[in-house]
Amino acid sequence: MTERTTLSLGDLTTGRIGYGAMRLTGPGHWGDYPDRAAGLELLRRVVDAGVTLIDTADVYGPHTNEQLIREALHPYPEHLLLATKGGFVRSGPEISTIAAIGQRQYLRQSAMLSARRLGVERIDLYYLHSGYAQDASFEDQVGTLAELRQEGVIRHIGLSNVTLEQLKAAREIVEITAVTAHYNLVDRHEQPLLDAAAEAGAVFVPWQPVSLSTPGAPTDTEGPAAVRGVLEPIAARHGATVSQVALAWLLDRSPAVLPIPGTTSLAHVRENLAAQDLVLSPEELAAITALRG
């Protein structure tokens, strides 16, 4: 059994389950969340429920997600950590208009403006949102974040959408505190990245952690029949939901895992946090681990 309630994020401490705020945007993650008052209230209740890390990005909206978080929560509780990301640009409502930009001045501007929108002098955790940019070398992009860290604009550096080789290259330049990737009990193709992050002392942050689908597919908590045939009896034995079982399995994979499920439902937030208390037996864990999508 791994530690279930807290983990270290560099010199910071956070709970084992965070909150992904991306869904608090407009359709297709473009524009403002339609019910602004409800979004503000949800964020406040999320923190009251016990979430200690909120994950966002400048491309969510763009910008509106960071602004909503500030309006809801600033001045921030001392125990609350904020993670945001930069390196994408979006020129319209279609997802196809998103592109990766790695040029130094753009990344510096992105971090500076995220700090301003969030209302902080220093961002707790700042991710390079993509390893795909072609206008600057990956090493130069990481070097820009290292520069921002030295200047005090960001406290810890994370990587998103990167390869195992890119993680290794980044670690030769600066300490990497967190790595985020698509990972859940059905899709484990990023297992080598999880292992490498844990070995390096970094936190591994799976997104769509309760999904039973592969990347690019809609989040699907129904899942394949063979998968549900294993998960549903386990959930029933514990008086839990399938999503809670999925999260409990993730927490047991490694003490470095910090899932960030996203939802617009406070009930689901509380359900997700309660998964920290769900202890699966060795036999149940083995049965889940044996699954494939």
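These numbers were taken from a predicted model, which means no experiment stands behind them. Starting from 1, each residue takes its place in the sequence as its number.
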Enquirer: Decide yes or no for His129 and Asn161: does some side-chain heavy atom of the first lie under 4.5 Å from some side-chain heavy atom of the second?
Expert: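 Yes, side chains in contact.
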Enquirer: Quick one: CZ on Arg117 to CD1 on Ile123, what's the gap to the nearest 0.5 Å?
Expert: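 Answer for the CZ-CD1 pair, Arg117 versus Ile123, is 9.0 Å.
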Enquirer: For Asp11 and Arg155, work out which heavy atoms get closest and say how close.
Expert: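 Between these two residues, the closest heavy atoms are OD2-NH2, 2.9 Å.
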Enquirer: Check whether any side-chain heavy atom of Asp55 sits under 4.5 Å from a side-chain heavy atom of Leu125, and report yes or no.
Expert: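 Sidechains of Leu125 and Asp55: no contact.
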Enquirer: Are the side chains of Leu193 and Val179 in contact, using a 4.5 Å heavy-atom criterion?
Expert: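 Side chain of Val179 against side chain of Leu193, heavy atoms only: contact under 4.5 Å found.
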Enquirer: With a 3.5 Å distance limit and no angle check, can you tell me whether Asp124 reaches the backbone of Ala83 through a side-chain donor-acceptor pair?
Expert: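 Not confirmed, Asp124 side chain does not pair with Ala83 backbone.
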Enquirer: Is it the case that the side chain of Arg16 and the backbone of Val257 share a donor-acceptor pair, with hydrogens and angles ignored and the cut-off at 3.5 Å?
Expert: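 Yes.
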Enquirer: Assess whether a salt bridge exists between Glu199 and Arg171, defined as any Lys/Arg side-chain N lying under 4.0 Å from an Asp/Glu carboxylate O.
Expert: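 A salt bridge is absent here (no side-chain N lies under 4.0 Å from a carboxylate O).
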Enquirer: Could you state the interatomic distance from CZ (Arg253) to CG (Asn184), rounded to the nearest 0.5 Å?
Expert: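 So the gap between those two atoms works out to 11.5 Å.
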Enquirer: For the side chain of Arg188 and the backbone of Thr289, is there at least one donor-acceptor N/O pair under 3.5 Å apart?
Expert: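 It does hold such a pair.
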Enquirer: If you measure from CG on Leu42 to OG on Ser265, what distance do you get to the nearest 0.5 Å?
Expert: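 These two atoms lie 8.0 Å from each other.
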Enquirer: Restricting to side chain to side chain donor-acceptor pair (under 3.5 Å), what partner residues turn up for Thr64, sequence neighbours left out?
Expert: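 Partners of Thr64 under the side chain to side chain donor-acceptor pair (under 3.5 Å) test: none.
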Enquirer: Would you check, one step at a time, whether the test side-chain hydrogen bond (donor to acceptor under 3.5 Å, both in side chains) holds for His238 with Glu284?
Expert: CA-CA 11 Å; His238 291 275; Glu284 290 168 335; 2.9 Å; yes
Enquirer: I need the minimum non-hydrogen distance between Gly28 and Ile95, along with the two atoms involved.
Expert: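 Heavy-atom minimum between the residues: O-CD1, 3.6 Å.
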Enquirer: With Ser114, which of Lys85, Gln109, His63, Glu66 fulfils side-chain hydrogen bond (donor to acceptor under 3.5 Å, both in side chains)?
Expert: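 Going through Lys85, Gln109, His63, Glu66 one by one, the side-chain hydrogen bond (donor to acceptor under 3.5 Å, both in side chains) with Ser114 is satisfied by Glu66 alone.
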Enquirer: So, for Thr97 and Gly92, which heavy atoms are closest and what is the spacing to 0.1 Å?
Expert: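 Where Thr97 meets Gly92 most closely, the heavy atoms are OG1-O, 3.0 Å.
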Enquirer: Can you find a pair of side-chain heavy atoms, one from Leu148 and one from Met112, that are under 4.5 Å apart?
Expert: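 Leu148 reaches Met112 side chain to side chain.
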Enquirer: Do any N or O atoms from the side chain of Thr144 and from the backbone of Asp140 form a donor-acceptor pair under 3.5 angstrom?
Expert: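 A pair under 3.5 Å: yes.
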Enquirer: Minimum heavy-atom separation for Ala21 to Ile69, with atom names?
Expert: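 Heavy atoms of Ala21 and Ile69 come nearest at CB-CD1, 4.1 Å.
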Enquirer: May I ask you to decide if the ring planes of Tyr183 and Trp249 are parallel, tilted or perpendicular, using 30° and 60° as cut-offs?
Expert: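 Aromatic pair Tyr183/Trp249 classed parallel.
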Enquirer: Near Arg116 CZ, under 6.0 Å, is it more than 12 heavy atoms from other residues, nucleotides or ligands?
Expert: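 Atom CZ in Arg116 is not packed in, count stays at 12 or less.
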Enquirer: Let me confirm one number: the OG-CG distance from Ser243 to Leu231, rounded to the nearest 0.5 Å.
Expert: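 Answer rounded to 0.5 Å: 9.5 Å.
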Enquirer: Does the Thr52 side chain pair with the main chain of Gly15, one donor and one acceptor, at a distance under 3.5 Å?
Expert: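 Such a contact is found between Thr52 side chain and Gly15 backbone.
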Enquirer: Side chain of Gln141, backbone of Ala136: donor and acceptor closer than 3.5 Å?
Expert: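 Yes, the answer is positive, given that a donor and an acceptor are paired below the 3.5 Å cut-off.
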Enquirer: Do Val153 and Tyr126 come within less than 4.5 Å of each other through their side chains, counting heavy atoms only?
Expert: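 Val153 does not reach Tyr126 side chain to side chain.
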Enquirer: Heavy atoms, side chains only, cut-off 4.5 Å: are Gln244 and Glu271 in contact?
Expert: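 Yes, their side chains come closer than 4.5 Å.
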Enquirer: Compare every heavy atom of Pro259 with every heavy atom of Leu250, then report the nearest pair and how far apart it is.
Expert: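 It is CD1-CG, 4.3 Å.
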Enquirer: Without swapping roles, check the side chain of Asn65 against the backbone of Thr25 for a donor-acceptor pair under 3.5 Å.
Expert: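 Absent.
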Enquirer: Has the side chain of Tyr106 got a donor or acceptor atom that lies under 3.5 Å from a matching backbone atom of Phe88?
Expert: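 Yes, Tyr106 side chain to Phe88 backbone: donor-acceptor pair under 3.5 Å.
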Enquirer: Enter the distance from Leu258:CG to Leu9:CG here, rounded to the nearest 0.5 Å.
Expert: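 With rounding to 0.5 Å, CG (Leu258) is 7.5 Å from CG (Leu9).
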Enquirer: Distance-only, no hydrogens or angles: does the Gln134 side chain make a donor-acceptor pair with backbone N or O of Tyr132 under 3.5 Å?
Expert: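 Answer holds: yes.
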Enquirer: Is a side-chain N or O of Arg44 found less than 3.5 angstrom from the main chain of Ala72, in a donor-acceptor match?
Expert: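 Yes, the answer is positive, given that a donor and an acceptor are paired below the 3.5 Å cut-off.
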